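To keep things clear, I will list the structure first and then write my remarks on it.
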2 protein chains.
Amino acid sequence: MSGTPTFKRLPRAVREQQMLDAAVRVFSRHGFHAASMDEIAEVAGISKPMVYAYLGTKEELFVACLHREGTRMMEAIAGAAAPELDADERLWRGLRAFFGFVGAHRDGWAVLYRQARGSQPFAGELAAMRSRLVEVVAGMLDHALRAEGVEVSETELEVVAYALVGASESLADWLADHPEADPGKTATRMMNVAWLGAGQLLRGVTWHPPQE
Amino acid sequence: MSGTPTFKRLPRAVREQQMLDAAVRVFSRHGFHAASMDEIAEVAGISKPMVYAYLGTKEELFVACLHREGTRMMEAIAGAAAPELDADERLWRGLRAFFGFVGAHRDGWAVLYRQARGSQPFAGELAAMRSRLVEVVAGMLDHALRAEGVEVSETELEVVAYALVGASESLADWLADHPEADPGKTATRMMNVAWLGAGQLLRGVTWHPPQE
DNA sequence: GAGCATACCTACTCGTGCGTAAGGTTACGC
DNA sequence: GCGTAACCTTACGCACGAGTAGGTATGCTC
């Protein structure tokens, strides 16, 4: 009396992914504290003890979400920005990959950016990831600077990278709240600000993505 | 048997400020959910029912914190960036005022930026304030653009403003985590990124604050 | 088709923390 | 010097949600 045999008794790996999907959704909506394990279990279509059996406590579950989404994002970016390209080309590809990821994983982004920040236990986890991102950007700038023969202190570089990462995160947030917005266009806008600066923009100078 | 008659029975207005101070500290440390009313009362040197009598429920208390800190910040910025100045001068003064505020009110900043973002009930409150900030920046850019005879769409403008605000917030966060850092220097660095862009910086061009 | 492991459930315990009821104490008006 | 109102307390009720105990069903192996 049914085509689909009422989804039951799935293998562990599958259920774990379903749980993580559910957890990311619920955490992104209510935040870590306000989210309840009961709701996560319900959204996953499973009962609570299963969640504990597979993914452990609430904190461990959240860290698992953080890791999955974070890894996905870092891979998306790293895969796009090859080290042998010029600085502007690398920045552009990195930005495009980043905004593409956020556009496709809005819930994951919300967990990473809006939730992990506040609660103490995970601030470290997130800060580490963010640091890697900042270091990549700083390294990129440093590389380009050396090629240009310009000398800048290390903190100086780090701060600039921080600002760029922050601006990108902010725009990513804007993107997450505007489902109709185009990730590619958002990346272009970010590139304009980052590469040219407000001063150039005010003179009517704009940057355009290269034809492929 | 004492110079100070063991602080008791203070007028309402004073106690309310003490409570708000305590609440901002506790909220900034633990976040909204993890913070307990008992601890806030203890830090304020008062018992819990007093907090309820004066400032209402936990949510109302948090909103009160949000309002006080937010208003303080907006006033600091608005007071510094007079509309009759040139765009770069306005931006510079605004940035300096902003980073000055964060440097002096790190706890308040943590509440505004790190805590209010996640929990649903206050996302709106904060977003409204942030919107006003973005509008101010966008208006500034628009003004300068018209003077220059350049035409840009409204969303374009909003997005650029968003990126600038985001970059500033990110650096403010960095500042909050580096107590030894100088707010003025941080503002200068932000100005370099915002006004010149990475492209100019790579060519060795830098911006310096005007002598006063 | 007996046995065993794995998937899965219902129904509970227990701590924590919000919000309050009811009562004590100090200052101030008259 | 006495009422009264504002300030302040201790001690509790109550709900919600994390984590668990113990039991049931299903597929897989021989």
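Proteins get letters first, then strands, A, B, ... in listed order; numbering begins at 1 in each. Below, all heavy atoms of this structure are taken into account, side chains as well, without hydrogens, waters or symmetry copies. Owing to the predicted nature of the structure, the values given are computational and were not obtained by experimental measurement.
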Roughly how many Å is it from [atom1] in [X] to [atom2] in [N], rounded to a whole number?
X       : N      : atom1 : atom2 : value
B:Ile46 : D:dC7  : CD1   : C1'   : 9 Å
B:Glu39 : C:dG19 : CD    : C1'   : 18 Å
B:Met50 : D:dA11 : CE    : C1'   : 17 Å
A:Glu59 : D:dG19 : CD    : C1'   : 13 Å
B:Lys48 : C:dT16 : NZ    : C1'   : 11 Å
A:Met37 : C:dC12 : CE    : P     : 21 Å
A:Tyr52 : C:dC8  : OH    : C1'   : 17 Å
A:Ile40 : D:dA18 : CD1   : C1'   : 11 Å

Item to check | Candidate nucleotides C:dC9, C:dG19, D:dC7, ranked by approach to the side chain of A:Pro49 - the nearest | outcome: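 Output: C:dC9.
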Checklist entry - Between C:dA21, C:dG17, D:dC7, which nucleotide gets closest to the side-chain atoms of B:Asp38? => result C:dG17
Checklist entry - Can A:Glu69 and A:Arg72 be said to form a salt bridge (Lys or Arg N to Asp or Glu O under 4.0 Å), step by step? => result CA-CA 5 Å; A:Glu69 301 302 315; A:Arg72 280 181 179 173; 3.5 Å; yes
Checklist entry - Run the side-chain contact (heavy atoms from CB on, under 4.5 Å) check on A:Met74 and A:Leu133 step by step: do they pass? => result CA-CA 8 Å; A:Met74 293 306 255; A:Leu133 242 186; 4.2 Å; yes
Checklist entry - Does A:Arg68 pair with A:Asp21 as a salt bridge, N-O distance under 4.0 Å? => result yes
Which is true for [X] with a 4.0 Å heavy-atom rule: it touches a base, it touches only sugar-phosphate, or it touches nothing?
X       : value
B:Ala35 : sugar-phosphate
A:Ala41 : nothing
B:Ser36 : sugar-phosphate

Checklist entry - Is the B:Trp109 to B:Phe98 ring centre distance short of 6.0 Å? => result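 Distance test on ring centres: under 6.0 Å, yes.
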Checklist entry - Which is it for B:Asp177 and A:Arg130 under the salt bridge (Lys or Arg N to Asp or Glu O under 4.0 Å) test, yes or no, and what are the steps along the way? => result CA-CA 14 Å; B:Asp177 285 337; A:Arg130 196 180 151 100; over 6 Å; no
Checklist entry - Within less than 4.0 Å of OP1 or OP2 of C:dC8, is there a side-chain N or O belonging to A:Arg15? => result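 A:Arg15 to C:dC8 OP1/OP2: side-chain N or O found under 4.0 Å.
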